Protein chains: 4
Amino acid sequence: MPDARPRKRADARRNEQTLLDAAAAAFVASGVDVPVRDIAARAGVGMGTIYRHFPTRADLIIAVYRHQVEALAEAGPALLERHSPSVALTQWVDQLVDFLVTKHGLAAALQSESAGFEALHAYFLDRLLPVCAQLLDAAVEAGEIISGTDTYEFMRAIGNLCVGADADDRYDARRMIGVLLAGLRT
Amino acid sequence: MPDARPRKRADARRNEQTLLDAAAAAFVASGVDVPVRDIAARAGVGMGTIYRHFPTRADLIIAVYRHQVEALAEAGPALLERHSPSVALTQWVDQLVDFLVTKHGLAAALQSESAGFEALHAYFLDRLLPVCAQLLDAAVEAGEIISGTDTYEFMRAIGNLCVGADADDRYDARRMIGVLLAGLRT
Amino acid sequence: MPDARPRKRADARRNEQTLLDAAAAAFVASGVDVPVRDIAARAGVGMGTIYRHFPTRADLIIAVYRHQVEALAEAGPALLERHSPSVALTQWVDQLVDFLVTKHGLAAALQSESAGFEALHAYFLDRLLPVCAQLLDAAVEAGEIISGTDTYEFMRAIGNLCVGADADDRYDARRMIGVLLAGLRT
Amino acid sequence: MPDARPRKRADARRNEQTLLDAAAAAFVASGVDVPVRDIAARAGVGMGTIYRHFPTRADLIIAVYRHQVEALAEAGPALLERHSPSVALTQWVDQLVDFLVTKHGLAAALQSESAGFEALHAYFLDRLLPVCAQLLDAAVEAGEIISGTDTYEFMRAIGNLCVGADADDRYDARRMIGVLLAGLRT
DNA sequence: TATGAATGAGGTTTCATTCAT
DNA sequence: AATGAATGAAACCTCATTCAT
């Protein structure tokens, strides 16, 4: 059996993708605190399989959103190349907000202090904070926004403003984030 | 007979205050979802006592924060009498934020969609939304902030920005709320 | 104060009757397992007052139904004087059934094996079993019913047939008790 | 592959039988209202296991008694083939009574008005009422018993007469049910 | 490697009963 | 003597997580 392993790997990868799709759907439907059993049921696998692939819930959340976080990370420099810093910042924040408000419960999870979410925090910050810092710095240097804004604080504010936005018709996070950005402008 | 049944009453009232203090402490320590058993233990009473005084969790939360909410409600008009609308707004928001960030988990509870918190939402909005609207309106009329801001949305943004602020050294909700207010100014 | 005591007694008796009325109403509404608190609320007294007057639930049940049990006990001989034994038996059973089916939960309580109801069983049997035996014996002697029926067993059957009769539109205990009596006839 | 997944299945089935045995024993000892924890303890399993197999208490009760109910349902036609209707009816009722009096608390549960037992009532009636009706009808047609007896009422009477029979040495439900049947005879 | 049965801690709520006032 | 606040044992049900198969 010369290709026993490769095939297994392909299988495993396909399996993992099934898991991630199921988890994404479950997160959308019931938030990132959805019972593991529900995710397993959606994926058509046993709960043990979820745990095998993603020992902690944070691992699963990270995996589910990895592509979109990576895309966001890459979008920052790209936007800066094609736009003025302030426009780039605005558009990047827009994308970030789009991401957060459409993922039911994700913003809340990101702010959660509950143990077990540290890895999640860390991952998001590792990937996005430098990008955001670059955008802020560029806008400051261009004289388009005031200086002195801490990037972590700014990102946390964005995240916070997105909490629960998808479940509240009377609240449009984008509008308030627009006000926040206006407050940064010189 | 002004104090016909003074003893029971006095006791019960003292006890209720003990309960409220214990609940406040428990909320600070573990958020408003803290198990009833924990609150009872802090108060040194049985769980039944909590349920007797506060049939639902929302009742308890409202009672715990009633004084401070009332104070906030009264502070709005008072500030408007002594300051320009924009200063009054800023100072009122400062007080609101002080309140929210020092009550661990309160901001989160206020944004929570989970059933059983409706009464809590309703109470906070009933008392504070009109006050906030008055402040915003005055500032708009004075030409100090832009018009078109929805009061509910604004308050929700304030609340959101306070979520988790007390547990995160790197995040100062006041600073970001300052930026938000700056974004409203003409 | 020469009549201090008598007045107190009158008060206490009036109070006790209030309790019994309230208990009777509560039993009708919610069965004899109704929470003590409900009875106290109906009576407009504290729960402690119930316990003072009727230390156990059985005491209360006995007191509530004492008058009607006594009436039943007295009805037996009276019926025998005016009717043939078989008619007397039938009419007495009718009265017993009327009593049992209109007291929600009483028949069930009488059959209940749960501790604390022994006094209740004992009281009912003490008062009614001899009466019932007299009626059965007379009917046997008159050759109107078969001999050999154990009185306790017969009464228990009557009681059992009444269980739940008031809550089930499709079940008429009187009809089945009629069949049972028919089964005894020679 | 007739036994594709034999192991789990076999285990689970054995386990389920253990549960049913434990539940049956617990029902005998403490009635069908016995705490789930007690059943779990008897079975040597966690409470969750009970809930997994039998989401509601009615499910568990039905499962515990299913075999015997089915046997009773099948016994009716079989008896009619080999006996006169009246003998068949008597023997079937004997079997029903044997079943009920040996299951402590079952008869009581069947008469219980408490919510959550509807499914139980429904199951017993679905299976046994048609059988009983067939037996009664046959006996009526044969002129062996009087007509006009409602099957539901008759079954309920049987059930009622069995309540508490196992816990009372002085009460023999069979004897009284014999009298009831005698009352039906022409 | 995958399964999902089993575990059991953890939260809620209800009431019989006691006892300080 | 009356009150009703307080107690706390029980019962329920739900998952996160483990582990035998």
Side-chain angles (χ1 to χ4, degrees), chain A residues 8 11-12 15-16 18-19 33-41 43-53 55-57 116, chain B residues 5-16 18-19 30 33-41 43-57 116, chain C residues 8 11-12 15-16 19 33-41 43-53 55-57 116, chain D residues 5-16 18-19 33-41 43-57 116:
Chain A
K8 242 186 194 166
D11 270 23
N15 200 348
E16 189 157 318
T18 304
L19 254 50
D33 288 321
V34 63
V36 174
R37 193 184 306 275
D38 291 3
I39 303 172
V45 304
M47 292 173 302
T49 305
I50 308 276
Y51 280 98
R52 162 173 299 276
H53 287 272
T56 75
R57 186 174 289 268
Chain B
R5 282 203 219 145
R7 273 187 294 203
K8 265 287 170 48
R9 279 282 168 76
D11 257 36
R13 197 164 298 170
R14 193 166 21 246
N15 202 342
E16 188 158 320
T18 305
L19 253 50
S30 317
D33 285 321
V34 63
V36 173
R37 210 186 296 276
D38 291 2
I39 302 172
V45 304
M47 290 177 306
T49 304
I50 308 280
Y51 282 99
R52 159 179 294 276
H53 287 272
F54 309 101
T56 75
R57 187 175 289 271
Chain C
K8 243 186 193 167
D11 270 24
N15 200 348
E16 189 157 316
L19 255 49
D33 288 320
V34 64
V36 174
R37 192 184 306 276
D38 291 2
I39 302 172
V45 305
M47 293 173 302
T49 305
I50 307 276
Y51 280 98
R52 161 174 299 277
H53 287 271
T56 76
R57 186 174 291 267
Chain D
R5 281 201 220 146
R7 274 186 295 202
K8 265 286 170 52
R9 280 279 168 78
D11 257 36
R13 198 163 299 170
R14 192 166 24 245
N15 202 342
E16 188 157 318
T18 305
L19 254 50
D33 285 321
V34 63
V36 173
R37 206 184 298 275
D38 290 2
I39 302 173
V45 304
M47 288 179 309
T49 304
I50 308 280
Y51 283 102
R52 157 180 295 277
H53 286 272
F54 308 102
T56 75
R57 186 174 289 269

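Order of the sequence lines sets the chain letters (A, B, ...), proteins ahead of strands, with each chain counted from 1. These numbers were taken from a predicted model, which means no experiment stands behind them.
- When each of D:Leu19 and A:Gly46 is assigned the nucleotide of DNA chain E bearing its nearest heavy atom, the one mapping closer to the 5' terminus is A:Gly46.
- Between C:Val34 and C:Arg57, some side-chain heavy-atom pair lies under the 4.5 Å cut-off.
- For the pair A:Val45/A:Thr18, no side-chain contact is recorded, criterion being any heavy-atom separation below 4.5 Å from C-beta on.
- Across A:Thr49 and A:Leu19, no two heavy atoms sit closer than the pair O-CD2, 4.1 Å.
- Whole-Å rounding puts the D:Phe54 CZ to F:dC13 P distance at 15 Å.
- Taking CG of B:Asp38 as the start and CG of B:Asp33 as the end, the distance is 11.5 Å to the nearest 0.5 Å.
- Residue C:Thr49 has a polar side-chain atom (N or O) positioned under 4.0 Å from OP1 or OP2 of F:dT3.
- At whole-Å resolution of the value, NE2 in D:His53 and P in E:dA5 are 7 Å apart.
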*Can you run through DNA chain F from 5' to 3' and write each base as (, ), [, ], | or . depending on how it pairs? Watson-Crick or G-U wobble, both distances under 3.5 Å.*
.||||||||||||||||||||
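- Atom CZ of A:Arg52 is separated from atom P of E:dG4 by 15 Å (rounded to the nearest Å).
- Between the CD1 atom of C:Ile50 and the C1' atom of F:dA2 there is a distance of 11 Å, given to the nearest Å.
- Nearest-nucleotide positions on DNA chain E place A:Val45 closer to the 5' end than the other of A:Val45 and D:Gly44.
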Mind listing the N/O atom pairs, protein and nucleotides 10-12 of chain F, below 3.5 Å?
from   : atom 1 : to      : atom 2 : distance (Å)
F:dC12 : OP1    : D:Arg57 : NH2    : 2.5
F:dC12 : OP2    : D:Val36 : N      : 3.1
F:dC12 : N4     : D:Arg37 : NH2    : 3.1

